[in-house]
Engineer: 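Please see the structure below; I have some questions.
Remember, it's a predicted structure, so these values are computed and weren't measured experimentally.
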Amino acid sequence: STEVTFVGTRLCHLKRHAAGSGHQKSLSAVNDSGAALVQSPALGDFGLVLASARRGTAPNVHGLSAVGRGGKVRRLEYCLAEAQKSQVRVFLRGARTISLQRDARKARLALRFVAVNDALKVKSGLLGVERNFGTTADDITRATMSIFKRASTICSGTRFAKLDKKLLSCIRNKTHMICVDSASDELLSCESMRKPLAESMAA
């Protein structure tokens with residue numbers, strides 16, 4: 001077992017924290033029974049962060065003055081991105097067919113998708129990007145699978161991350177076409193992926 005020794009804390013630190021706006025806001029949310037009411041950020045805060053992202057003006061370390069500091073803004077951005085990704089996942093699960101466009105340059109591999117469902121509704125977008133993945137055909141194939149897995153993972157990059165195996169299987173089985181350039185490593189990667197794709201088409 002590990003022995004932990006408590007050194008102590010300074011009273012000035014406690015006073016500074018108690019006077020902070022975050023602590024005061026949390027204190028005001030405590031009900032009569034002493035239980036804290038956990039509240040999410042206001043809907044307007046999400047709207048301001050989304051508007052900032054659409055303008056292409058990334059907040060600096062100080063965040064947005066009307067919302068909060070950089071850490072809070074980044075967490076709101078993550079929530080917005082995860083909400084958008086969840087809508088894409090729902091569509092991919094119900095897709096009839098998926099086509100991919102893959103492009104590799106400057107140590108980055110971008111994978112875009114176009115999916116169509118039974119109602120002939122179409123959704124397209126960026127499935128993911130892999131960086132510093134290597135230079136061989138096998139590296140490209142592994143990078144593609146890495147993007148598949150990350151796109152199928154809920155809350156990717158956090159301790160709450162959970163791989164949706166059914167969605168991963170759905171993406172692999174319903175991908176019937178992949179477009180790449182004429183580079184030899186790209187073509188060889190496609191050849192290595194051809195058999196499972198052909199089997200999914202036959203199914």
Engineer: Check R102 with E130, please: is the shortest side-chain N to carboxylate O separation under 4.0 Å?
Structural biologist: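 Salt bridge between E130 and R102, a charged N being under 4.0 Å from a carboxylate O: no.
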
Engineer: About how many Å separate CD of Q101 and CD1 of I178, when rounded to the nearest 0.5 Å?
Structural biologist: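 It is 9.0 Å, given to the nearest 0.5 Å.
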
Engineer: Check for me, please, whether L188 and I140 land in the same ILVMFWY cluster - side-chain distances under 4.5 Å, paths through other members count.
Structural biologist: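 Each belongs to a different hydrophobic cluster.
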
Engineer: Can any side-chain N or O of T158 pair as donor or acceptor with the backbone N or O of C155 at less than 3.5 Å?
Structural biologist: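 Indeed, once roles are kept as given, a pair shorter than 3.5 Å links the two residues.
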
Engineer: Give a yes or no on whether the backbone of D139 and the side-chain of T136 come within a donor-acceptor separation of less than 3.5 Å.
Structural biologist: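 Confirmed, T136 side chain pairs with D139 backbone.
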
Engineer: Would I154 end up clustered with L76 when hydrophobic side chains under 4.5 Å apart are linked, directly or stepwise?
Structural biologist: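 No; L76 is not reachable from I154 via cluster members.
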
Engineer: Decide salt bridge (charged side-chain N to carboxylate O under 4.0 Å, His left out) for D45 and K72; before the verdict, give the C-alpha distance in whole Å, the side-chain angles of both, and the deciding distance to 0.1 Å.
Structural biologist: CA-CA 10 Å; D45 290 349; K72 177 181 179 180; 3.6 Å; yes

Engineer: Return the minimal non-hydrogen interatomic distance between A95 and A115, and the atom names on each side.
Structural biologist: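 Looking at all heavy atoms of both residues, the shortest contact is CB-CB, 4.1 Å.
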
Engineer: Taking K162 first and then D164, would you say they form a salt bridge - that is, a charged N and a carboxylate O separated by under 4.0 Å?
Structural biologist: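 Not counted as a salt bridge, because no side-chain N and carboxylate O are separated by less than 4.0 Å.
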
Engineer: How long is the span from the OG1 atom in T97 to the CG atom in N173, to the nearest 0.5 Å?
Structural biologist: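 One finds 11.5 Å between OG1 of T97 and CG of N173.
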
Engineer: State the CZ-CG distance between R55 and L50, to the nearest 0.5 angstrom.
Structural biologist: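 Between R55 CZ and L50 CG, I get 10.0 Å after rounding to 0.5 Å.
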
Engineer: Of all the heavy-atom pairs spanning K85 and S156, show the shortest one and how long it is.
Structural biologist: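 Minimum heavy-atom contact is NZ-CB, 4.4 Å.
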
Engineer: Using a 3.5 Å distance criterion without hydrogens, assess whether the side chain of R150 forms a donor-acceptor pair with backbone atoms of V129.
Structural biologist: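 Side chain of R150 to backbone of V129: a pair is present.
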
Engineer: Mind checking the OG-CZ spacing from S146 to R131? Nearest 0.5 Å is all I need.
Structural biologist: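 Here the rounded value is 11.5 Å.
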
Engineer: If only atom types and distance count, is the side chain of K123 paired as donor or acceptor with the main-chain N or O of V88 below 3.5 Å?
Structural biologist: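 Not at all, since once roles are kept as given, no pair shorter than 3.5 Å links the two residues.
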
Engineer: Counting distance only, does the side-chain N/O of S152 pair as donor-acceptor with the main-chain N or O of F148 below 3.5 Å?
Structural biologist: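 Yes.
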
Engineer: Of all heavy-atom pairs between S192 and S189, which one has the smallest distance, and what is that distance?
Structural biologist: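 Of all heavy-atom pairs spanning S192 and S189, the closest is OG-O, 2.6 Å.
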
Engineer: CZ/R172 to CE/M193 distance, rounded to the nearest 0.5 angstrom?
Structural biologist: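 Here the rounded value is 8.5 Å.
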
Engineer: Hydrophobic clusters here meaning ILVMFWY residues chained together by side-chain heavy-atom distances under 4.5 Å, can you tell me if F113 and V116 are in one?
Structural biologist: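 Each belongs to a different hydrophobic cluster.
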
Engineer: Would you check, one step at a time, whether the test side-chain contact (heavy atoms from CB on, under 4.5 Å) holds for L167 with L92?
Structural biologist: CA-CA 8 Å; L167 176 58; L92 291 177; 4.1 Å; yes

Engineer: What distance do F91 atom CZ and N117 atom CG have between them, rounded to the nearest 0.5 Å?
Structural biologist: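 So the gap between those two atoms works out to 4.0 Å.
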
Engineer: Around K149, counting heavy atoms of other residues, nucleotides and ligands shown, do more than 12 lie under 6.0 Å from its NZ?
Structural biologist: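 It does not: K149 NZ has 12 such atoms or fewer within range.
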
Engineer: What do the steps show when you test R74 against E77 for salt bridge (charged side-chain N to carboxylate O under 4.0 Å, His left out), and what is the final call?
Structural biologist: CA-CA 5 Å; R74 286 191 294 272; E77 287 177 331; over 6 Å; no

Engineer: Keeping the roles fixed (side chain from K174, backbone from R93), state whether a donor-acceptor pair exists under 3.5 Å.
Structural biologist: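 Checking the backbone N and O of R93 against the side chain of K174, a donor-acceptor pair under 3.5 Å is found.
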
Engineer: Working note: T141 + D138, criterion side chain to side chain donor-acceptor pair (under 3.5 Å); need CA distance, chi angles, decisive distance, verdict.
Structural biologist: CA-CA 5 Å; T141 302; D138 288 341; 5.1 Å; no

Engineer: Please tell me whether L187 and F133 are part of a single hydrophobic cluster in this structure, the criterion being side-chain heavy atoms less than 4.5 Å apart.
Structural biologist: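 Yes; F133 is reachable from L187 via cluster members.
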
Engineer: Give a yes or no on whether the backbone of T153 and the side-chain of R89 come within a donor-acceptor separation of less than 3.5 Å.
Structural biologist: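 Flag set: sc R89 to bb T153 pair under 3.5 Å.
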
Engineer: Using atom types as modelled and distance alone, determine if a side-chain donor or acceptor of T175 lies under 3.5 Å from a backbone N or O of I171.
Structural biologist: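 Yes; at least one donor-acceptor contact below 3.5 Å.
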
Engineer: For residues L100 and V114: do they belong to one hydrophobic cluster (side chain heavy atoms under 4.5 Å, members Ile, Leu, Val, Met, Phe, Trp, Tyr)?
Structural biologist: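 No, it is not one cluster - the side chains of L100 and V114 are not joined through contacts under 4.5 Å.
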
